[in-house]
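Encoded as structure tokens, the structure appears first; notes follow it.
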Protein chains: 2
Amino acid sequence: MKAAVPITVNGLKASCSQCNLVELCLPFGMSEHDLNRLDELVGARRKIKRQQSLYRAGDPFEAIYAIRAGSFKTDVLLEDGRDQVTGFQMTGEILGLDGISAETHSCNAIALEDSEVCVIPYGKLEEMSREVEGLQHQFHKVMSREIVRDHGVMMLLGSMRAEERLAAFLLNMSQRFTARGFSPAEFHLRMTRDEIGSYLGLKLETVSRAFSRFQEDGLVSVQQKHIRILNASGLKRLLQHQSGGR
Amino acid sequence: MKAAVPITVNGLKASCSQCNLVELCLPFGMSEHDLNRLDELVGARRKIKRQQSLYRAGDPFEAIYAIRAGSFKTDVLLEDGRDQVTGFQMTGEILGLDGISAETHSCNAIALEDSEVCVIPYGKLEEMSREVEGLQHQFHKVMSREIVRDHGVMMLLGSMRAEERLAAFLLNMSQRFTARGFSPAEFHLRMTRDEIGSYLGLKLETVSRAFSRFQEDGLVSVQQKHIRILNASGLKRLLQHQSGGR
DNA sequence: GGACACCGTTGATCGACGTCAACCACAAAA
DNA sequence: TTTTGTGGTTGACGTCGATCAACGGTGTCC
């Protein structure tokens with residue numbers, strides 16, 4: 001009695017139960033039974049080309065998105081032209097939560113490489129999370145995690161020095177690559193120095209200099225966007241010594 | 001057939017339907033019918049003395065809190081002793097959302113003056129928001145608003161100069177006092193210069209100097225913690241001129 | 001292959017904010 | 001009233017990171 005899988009504009013219908021990102025994504029920790037219900041929830045997949053936006057500040061809020069492949073940055077713009085990267089997102093992470101409060105997105109989400117997301121219509125999500133307890137709880141956890149993450153960034157921006165910020169950034173990237181089955185020590189950054197700087201509240205030259213310094217000190221090897229961490233505990237130590245900061 | 005209102009340790013049982021903070025708090029926008037159900041949800045009130053903590057980082061997460069009276073700060077601590085204020089909260093605002101993700105609080109919530117909160121047991125909240133659509137939606141909005149707010153702070157910390165940060169802070173306070181029926185132009189800050197500095201990523205001396213500068217320029221009148229805004233549009237102008245920043 | 005962007009690196013200089021220190025204002029206690 | 005403590009202000013000086021500028025590497029489009 002099951003209807004045929006509908007063909008969507010952008011290709012295959014998403015399926016959480018078949019997806020190898022379950023452990024990183026919204027369905028984490030849900031029962032197999034609940035998982036099957038998620039397949040109803042998640043709409044089409046959508047492909048976004050590098051530098052294209054998934055949504056822009058001011059767009060009406062209709063759905064949240066799970067990153068199926070690729071990576072994104074989110075940024076906010078001030079009237080005067082200044083902008084700030086508020087986060088980098090990788091596979092399995094959820095985009096668009098900022099839109100719920102005002103029913104309008106409050107930042108831009110831009111693909112750092114050709115990417116693909118699963119579209120999760122928000123109305124449906126609320127509806128289903130009234131029925132599926134596991135989904136409700138997971139969704140709340142995802143939102144809460146975003147809040148905790150943001151507090152970490154505030155800590156970083158408010159009280160760390162340039163090299164500490166970059167060290168924290170690299171360790172965070174390493175940890176997230178590891179969670180995705182990649183090497184903890186060797187990875188490829190998808191963002192420019194300018195974007196890293198914007199995220200860390202630094203100018204690109206400062207980011208570049210900090211990279212060079214780390215290289216001199218044998219902490220990492222840097223070749224453009226290719227990073228190899230040579231001394232992870234050295235990086236961690238940088239974070240612990242209270243080095244005056246601001 | 002209604003049971004008598006139970007007497008709680010800390011005094012009166014909270015009642016959303018009777019509360020004059022509805023428009024600022026979790027129940028905002030909910031129907032009268034739904035509102036009555038909220039009275040079941042909200043547990044006892046709890047009083048917190050100035051400088052006492054409502055919860056501390058590491059405490060098991062059991063409830064979220066709505067501020068009934070008074071005000072709070074939240075802060076995070078790093079191992080090395082550095083700490084950072086992540087927010088100031090006023091009446092009607094919700095505390096504790098950081099705890100959902102790890103089932104443990106990730107920051108400290110400390111009363112800036114003698115205060116009172118309504119305790120909202122989290123299990124009950126999830127349960128009831130499966131039944132009451134309006135509650136579910138409002139709760140999601142509250143979480144999302146927190147995320148948007150944090151992005152604003154990241155913007156401030158990452159790309160504004162000292163005086164811009166303080167101007168943004170004052171305008172934000174003014175706006176929140178106004179929403180609570182107080183004067184937009186004249187108010188009493190409950191936090192020290194050190195706490196403001198920690199929140200804004202500045203040292204207390206820098207905060208103090210910025211206040212003095214504003215006073216010289218006739219933008220505000222400052223007498224210790226008592227602030228009078230003399231030229232709000234002047235403060236706003238400070239934010240728009242892109243003044244180089246970092 | 002050559003030309004052109006774009007991105008990244010490095011150096012020299014400057015300025016905003018941190019640091020250190022002294023002093024002042026106000027409130028609670030003696 | 002004086003005392004003591006906490007919080008706030010102001011000045012002199014130092015430093016970290018921004019700014020300005022030149023140059024080098026890498027990839028893409030003719």
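Throughout, protein chains are lettered first and strands after them, A, B, ... in sequence-line order, and every chain is numbered starting at 1.
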Of the listed nucleotides dT10(C), dC16(D), dC20(C), the one nearest the side chain of Glu205(B): dC20(C)
Selected nucleotide, minimal atom distance to Ala162(B) side chain, candidates dG8(D), dC17(C), dT26(D): dC17(C)
dT10(C) phosphate, OP1 or OP2, under 4.0 Å from Ser212(A) side-chain N/O: yes
Interatomic distance, Arg213(A) CZ vs dT9(C) P [rounded to whole Å]: 16 Å
Whole-Å distance separating the CD1 atom of Ile227(B) from the P atom of dG8(D): 10 Å
Degree of bending, the helix from dG1(C)-dC30(D) to dA30(C)-dT1(D) (end axes from five pairs; round to 10°): 40°
Closest to the Lys203(B) side chain, choosing from dT19(C), dG8(D), dA18(D): dT19(C)
Close side-chain approach of Pro184(B) to Phe177(B), heavy-atom, < 4.5 Å: no
Whole-Å distance separating the CZ atom of Arg161(B) from the P atom of dA18(D): 13 Å
Sub-4.5 Å side-chain heavy-atom contact between Tyr55(A) and Asn108(A): no
Salt bridge (charged side-chain N to carboxylate O under 4.0 Å, His left out) contacts touching residues 149-159 of chain B (sequence neighbours left out): Glu146(B)-Arg149(B)
Contact under 4.0 Å: Thr192(B) side-chain N or O vs dG7(D) OP1/OP2: no
Upstream residue (5' side of DNA chain D) when Val207(A) and Gln224(A) are each assigned their closest nucleotide: Val207(A)
Could you list the donor-acceptor pairs under 3.5 angstrom formed by side chains in residues 206-213 of chain B, with sequence neighbours left out?
{"unit_1": "Ser212(B)", "atom_1": "OG", "unit_2": "Ser208(B)", "atom_2": "O", "d": "3.1"}
{"unit_1": "Arg213(B)", "atom_1": "NH1", "unit_2": "Glu163(B)", "atom_2": "OE2", "d": "3.4"}

Touch class at under 4.0 angstrom, heavy-atom based, for Ser208(A) against every strand present: base
Atom-pair distance (CG on Leu202(B); C1' on dT19(C)), nearest Å: 14 Å
For atom CG of Asp194(B) and atom C1' of dG18(C), their distance in whole Å: 13 Å
Side chain to side chain donor-acceptor pair (under 3.5 Å), paired with Thr74(B), selected from Gln89(B), His105(B), Gln84(B): Gln89(B)
Side-chain heavy-atom pair Leu54(B), Ile110(B) within 4.5 angstrom cut-off: no
Rounded distance in Å - CG (Leu204(B)) to C1' (dG18(C)): 11 Å
Any Arg68(B) side-chain heavy atom under 4.5 Å of Lys47(B) side chain: no
Met191(B) vs Arg209(B), nearer the 5' end of DNA chain D by closest nucleotide: Met191(B)
Length of the line joining Leu166(A):CG and dC16(D):P, which is rounded to integer Å: 17 Å
Side-chain N,O (Lys225(A)) to OP1/OP2 (dT26(D)) below 4.0 Å: no
Between C1' of dT10(C) and CZ of Arg193(A), the distance in whole Å: 14 Å
